[in-house]
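Here the structure is laid out as structure tokens; the discussion comes afterwards.
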Amino acid sequence: MENFTLKIEEKTAYITINRPDKMNALNRATLSELSLLLKKMKKDKEVRGVIITGAGDKAFVAGADISEFKGLSEREAFELSSWGHKEVMDEIYNFPKPVIAAINGYALGGGLELAMACHIRVAVEEAKLGLPEVSLGLIPGYGGTQRLPALIGRGRALEMILTGDMVSATNAYEWGLVNHIVEKENLLDKCLSILKKMYTRSPLALTSAIHVVNYGLMNPAKGADEEMKVFSKAYLTEDFKEGVAAFLEKRKPDF
Ligand code: COA
């Protein structure tokens, strides 16, 4: 992989986008590699969770690579957006294991969209987040118009999208766009500590919970029915038997 480093340690895949001289901007090669990497991490039984971060100390990801924008036809632009949605952003959004964005600096445009596709966001104090596409004559194309309002509400989302302004980590935290703010040196440790807690829980239940939460957001009228179905199926799993047995035997479950 040219544009990434990958480390697997303590059941966790650390995926680092590695184009620091270009603020880790997402060019097509980087997105293709990320899509492949996600497929591998999904199958890898050693991996129980993923942390995505950016190389260097300035940027998580400063957006899609603007140098690749010129000269696209309407059809090519549609294909670029649709491919990015399906193969990368939705893959992360629906990933069956928890994925945390470790936001180590600028998270702009496609970078914020990538972070919003993750299940949880942890940011450093210096991070700046924004969707500046309107200043390029564009709108967000990797899910920003849908995921930002879902996280922070329509009014704040429209203000961010229509001004294109960046917000501080503090504002992002107050609005619920990031879950935690930490000092730079604690960023990865904080992400790992969240994942480690999840690793003590049933992996099948985590996958089901991610699925039902996402399903309900996409299909609000059908969310409760899906919850009932998936809840009842959980009764058939070995994880359920182990979880209940462990509680009754006053021991920790071994999932
Ligand atoms: N696409 C392509 N290249 C990018 C990029 C992007 N989204 N963001 C930054 N870069 C490149 C710059 O062109 C520059 O490359 P160069 O050294 O070859 O000229 C390099 O990364 C460093 O960026 P620079 O602008 O010099 O750093 P800075 O510290 O002055 O500013 C930012 C940092 C993030 C504020 C600024 O780079 C920026 O506004 N980037 C674009 C953000 C954006 O609009 N993203 C949405 C895209 S849809």
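Just so you know, ligand 1 is whichever comes first in the structure, and atom 1 is the first atom listed for that ligand.
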Salt bridge or not for [X] and [Y], using N-O below 4.0 Å?
X    : Y    : value
E159 : R156 : no
E183 : K190 : no
D239 : K233 : no

Heavy atom of [X] under 4.0 Å from ligand 1?
X   : value
E68 : no
A64 : yes
D21 : yes

### Message
Tell me if the OH atom of Y173 is crowded by more than 12 foreign heavy atoms within 6.0 Å.
### Response
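No, because the 6.0 Å sphere around OH of Y173 holds 12 heavy atoms or fewer from other groups.
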### Query
With a cut-off of 6.0 Å (strictly less than), are more than 12 heavy atoms of other residues, nucleotides or ligands near CD of E87?
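Above 12, so yes.
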Is [atom] less than 4.0 angstrom from some protein heavy atom?
atom                    : value
atom 12 (C) of ligand 1 : no
atom 26 (O) of ligand 1 : no
atom 15 (O) of ligand 1 : yes
atom 18 (O) of ligand 1 : yes
atom 48 (S) of ligand 1 : yes
atom 42 (C) of ligand 1 : yes

Closest contact, heavy atoms only, [X] versus [Y]:
X    : Y    : result
M89  : A117 : O-CB, 3.5 Å
S35  : V88  : CB-CG2, 4.1 Å
C191 : I51  : CB-CD1, 3.6 Å
K128 : L108 : O-CD2, 4.1 Å

### Query
Do the side-chain N and O atoms of T16 and N18 include a donor-acceptor pair separated by under 3.5 angstrom?
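No, because no side-chain N or O of T16 sits under 3.5 Å from a partner of the opposite role on N18.
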Considering distance alone, does some N or O of [X] sit under 3.5 Å from an N or O of ligand 1?
X    : value
P132 : no
A25  : no
G109 : no

Protein contact to [atom] [nearest heavy atom, distance to 0.1 Å]:
atom                    : result
atom 28 (P) of ligand 1 : M23 CE, 4.1 Å
atom 45 (N) of ligand 1 : A62 O, 3.0 Å
atom 10 (N) of ligand 1 : K22 O, 3.9 Å
atom 1 (N) of ligand 1  : I66 N, 2.9 Å
atom 29 (O) of ligand 1 : K58 NZ, 3.1 Å

### Query
If hydrogens are left out, which of F69, Y106, Y142 has an atom nearest to atom 32 (C) of ligand 1, that is, the closest non-hydrogen atom?
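Considering heavy atoms of F69, Y106, Y142, the nearest to atom 32 (C) of ligand 1 sits in Y106.
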Proximal ligand 1 atoms for [X], defined as those under 4.0 Å from one of its heavy atoms:
X    : value
D65  : 1 (N), 2 (C)
L108 : 34 (C), 42 (C)
E133 : 48 (S)

### Query
What residue among V61, I103, I100, V99 forms side chain to side chain contact (heavy atoms under 4.5 Å, CB included) with I52?
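Of the listed options, the one satisfying the test is V99.
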### Query
Can you tell me how far the CD1 atom of I139 sits from the CG atom of L131, to the nearest 0.5 Å?
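That separation rounds to 10.5 Å.
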### Query
Can you tell if the side chain of Y199 reaches within under 4.5 Å of the side chain of T12, non-hydrogen atoms only?
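They are in side-chain contact.
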